[in-house]
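Bear in mind the structure is a predicted one, so any value in this text is a computation, not a measurement. Letters A, B, ... mirror the listed sequences (proteins, then strands); counts begin at 1.
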Amino acid sequence: MESMVKRNNVKVIGKGDQVILFAHGFGCDQQSWKYIVDAFTDDYRVVLFDYVGSGKSDLNQYDSVKYGNLNGYAEDVLDICEALELKDIIFVGHSVSSMIGLLAAIKEPTYFQKLVFIGPSPRYLNDADYTGGFERTDLESLFEFMDSNYLGWSSALAPAIMGNPDRPELGEFLTDSFCSNDPVIAREFAKVTFFSDNRADLSKLRIKSLTLQCSDDIIAPLQVGNYVNKHISNNSLFIMRATGHCPHISEPEETIRAIKAFI
Amino acid sequence: MSLQVDKNLLDALIDTETLYQEAPCGYVSLLPDGTIIKLNNTLLTWLNYTTKSLLYKKKFSDLLSKGGKVHFEMFFKPMITVRGHIKELSYEILKKDGSVLPVLLSAKAMKDALGSVMAINMAVYDITDRKSYEVELLKAKKTAEDEKRTFQFLADLIPEMIWTANADGDIDYVNQRFVQYFNLPERNFNLSSVASRIFKEDRKKFLNAWRESIRAGTDLHIEIRLDNYQGNSEWHLIKAVPYINQDGLVTKWFGSCISTEEHIMALKAKDDFISIASHELKTPITSLKGTLQLMDKIKNNHPDPLLHKMIDRANRNVNKTISLIDDLLNVSRINEGQLYLNKKRSVIFDLINDCCSHIKYETGYDILIEGDSSIEADIDEGRIEQVIINFINNAIKYAPESKLIEVGYEKNGQHVKIEVTDKGPGISPEKLFHLFERYYQVKNNSSGNAGLGLGLYICAEIIKKHNGKIGVKSELGKGSTFWFTLPANM
């Protein structure tokens, strides 16, 4: 269990019997939940973690093959459930974590009681009769953006590059660097995220779930939220006033209300 | 001491509004949802927009390409909210004509008393020049990565094991074959565990040699056995060369482990064959020699001079054959570790003199002996004689024009050094290295017959057994000096 806690930088806070597991999205880490966790810690046991390769997880455990598809990340979630002996939890996943949670819940349903998807998308690329919101060229330009920000002049992300074991003083920076992930891993995670297609998995979910859809989200547009809602049985759709892709950061109050109303 | 200043004049020089509008960087302020609520003249000029067309109408992300929009949503927005500030994120802003302006964005969030973001102020820096440099850097990075992959592919394709190590000797790369041989996991294996796969008896020898190479920065060249994935040990030649950087420092080691198992097995088969064959030959040839010696004694009873000649020739050839077989038997003994010494205190001069007078008598060569006649050492006389005679015979064989051969000796501290020098044609440097190896023959010599290539090998083994050293120095056109040392006392 200790190894899992270290690998995924697992944090358990709050009091209560019911467990809520918060799973961060691509590009960030568990710090992204900081505006909403406090609202749950009085009544719930809250579990936070970083995926391998993100935040303060153990980067040495990163494996391009294992994390070459979302199932590898779903294993992380299941590993944490097993290590902490969790059962019947409420899973809250942001962005790509929605599909990671979905895969985990299909594989081991007994761990899960309810799932909350914030800005889910089963496929980002447009396809025949499907609007994901992205053309391949859009994604390539995103990857270029990521590359130029990691390589270039961004001191915001540079500390991650400097995360050099020989010079721990540079690593100190990292502790303060929200969203500063290893550039190579971040790029691979981005590819896995944006090129995944989990449309066929939606109908396999047997757990009750909620989709939180932002009103103006270019990453997971309204059509996608509708698609998810339509293809997952027993899924409720809630359209938020919040705009953007990170309502738990931009509109924490509304997000908290929506989650609480569902659970 | 303070400077006399006209504060009013200085204040008048810098007008805050002008500073904002005409700043050397662009300024733009946004609502939390990204709507543009204020921007300066510098930025408008760069983008060729009017205030009217942007203010309160456009969101900042409307000025970004699709990739930039996504990045803005996924990185910029969460970061500015969580951290309250952002330094130098790289974006491309679309100008009115559709061309792009590469910029760095720094931003600060204005928060209310409760910590909610009210507005975001951004500074925008034009990095067009830096960007083109950055593009070149990216290209170079990509080229480097491609090269790396090419070499990786090449290294994996090679059927021998290849590795590199850092300056301290810690292995930091191994190729596919290396992984296969030791059956290592594909990733995250502990390379120090590979040391435990060196055959137990060879481990110390290897580690000492490796440590010495690292210390001195010299090539590693050693044959050891490595345990393969099935636990069987196989012979390998381990080579490593240091990579020396421009500052003259060793920064890396490049190494290989070449399988010599088949070669060593073939040599062993050859040794076994030679051992059996020479033992089998020894008995009948000894009997033949006895018969010839008998014939030599009784030849005077026969007056035919042809018969005398034939018996002499037969005797010479049987002696030559016995000497060859003795060489082979010596090698067998050495291989089996059965070369035993029978040491006693000996006067070096007497020993050398005995050898030389014998050869002088047989060949007519002039041999000059130089040294202090009082020097003594604990040696196996017969074996050391064998070495000296071999050296002198070699000089005669390979330097036949050199009518003068010098044998010198001296005591140097605890060692006695003996040298045999000829004035022959000399030996080329690339051959010198191999002279004491088993079965090594110097080709292209005038005498034609190269022999078995065992003489110097046996000499080296005899000297090794005496705890001495053996060697040669030679210069083409000037001659060669073969030497060895012996400890003066046991």
Side-chain angles (χ1 to χ4, degrees), chain A residues 24-28 31-32 34-35 60-65 94-95 119 124 133-135 137-158 176-180 186 190 193-194 214 216-220 242-246 248-253, chain B residues 31-35 59 61-62 64-92 100 102-107 109 114-117 120 125 127 130-131 133-142 145 166 185-188:
Chain A
H24 67 84
F26 163 72
C28 296
Q31 285 190 70
S32 56
K34 72 185 224 180
Y35 296 108
N60 293 323
Q61 301 278 329
Y62 185 78
D63 177 338
S64 296
V65 178
H94 172 230
S95 188
Y124 293 90
F134 290 88
E135 293 298 335
T137 49
D138 299 334
L139 293 179
E140 265 146 26
S141 88
L142 169 67
F143 297 150
E144 252 171 55
F145 258 88
M146 290 180 61
D147 273 355
S148 69
N149 270 303
Y150 284 124
L151 171 93
W153 315 100
S154 166
S155 52
L157 297 166
D176 186 37
S177 304
F178 172 66
C179 283
S180 306
T193 300
F194 286 106
C214 289
D216 182 15
D217 183 355
I218 59 160
I219 292 155
T243 58
H245 187 56
C246 304
H248 55 310
I249 292 172
S250 63
E251 295 291 343
E253 295 302 327
Chain B
L31 289 178
D33 73 353
T35 308
K59 288 186 174 179
S61 55
D62 294 336
L64 301 175
S65 66
K66 187 77 182 268
K69 277 193 182 78
V70 175
H71 197 271
F72 193 76
E73 287 294 329
M74 299 189 89
F75 290 90
F76 186 95
K77 279 195 173 174
M79 278 167 92
I80 191 74
T81 315
V82 173
R83 293 162 98 194
H85 63 91
I86 276 183
K87 268 172 81 182
E88 299 181 330
L89 273 177
S90 166
Y91 284 97
E92 286 178 341
V100 298
V103 296
L104 283 185
L105 293 185
S106 289
L114 293 170
S116 298
V117 177
I120 300 160
Y125 304 94
I127 53 159
R130 287 214 301 210
K131 192 74 184 177
Y133 180 64
E134 196 180 306
V135 168
E136 290 306 311
L137 268 184
L138 266 178
K139 262 192 219 158
K141 182 168 163 254
K142 194 175 171 300
E145 276 165 6
N166 64 18
E186 283 290 327
R187 10 181 331 114
N188 295 334

Checking A/Thr193 against B/Met74 for the side chain to side chain contact (heavy atoms under 4.5 Å, CB included) test, could you report, in this order, the C-alpha distance in whole Å, the side-chain angles of both residues, the deciding distance, and whether it holds? CA-CA 13 Å; A/Thr193 300; B/Met74 299 189 89; 5.9 Å; no

So for [X], is it side chain, backbone, both, or neither that comes closer than 4.5 Å to the heavy atoms of chain B?
| X | result |
| --- | --- |
| A/Phe134 | both |
| A/Asp217 | neither |
| A/Tyr124 | neither |

Of the non-hydrogen atoms in [X] and [Y], which two are nearest, and what is the gap between them?
| X | Y | value |
| --- | --- | --- |
| A/His245 | B/Glu73 | N-OE1, 3.4 Å |
| B/Val70 | A/Ile218 | N-CD1, 3.8 Å |
| A/Ile249 | B/Pro78 | CD1-CB, 3.6 Å |

Between B/Ser65 and chain A, with a heavy-atom cut-off of 4.5 Å, which part of the residue counts as in contact: side chain, backbone, both or neither? side chain

When the 4.5 angstrom heavy-atom criterion is applied to B/Lys59 and chain A, the contacting part is side chain

Within-4.5 Å side-chain heavy-atom neighbours: B/Val82 and A/Lys34: yes

What is the distance from atom OG of A/Ser141 to atom NZ of B/Lys66, rounded to the nearest 0.5 Å? 9.0 Å

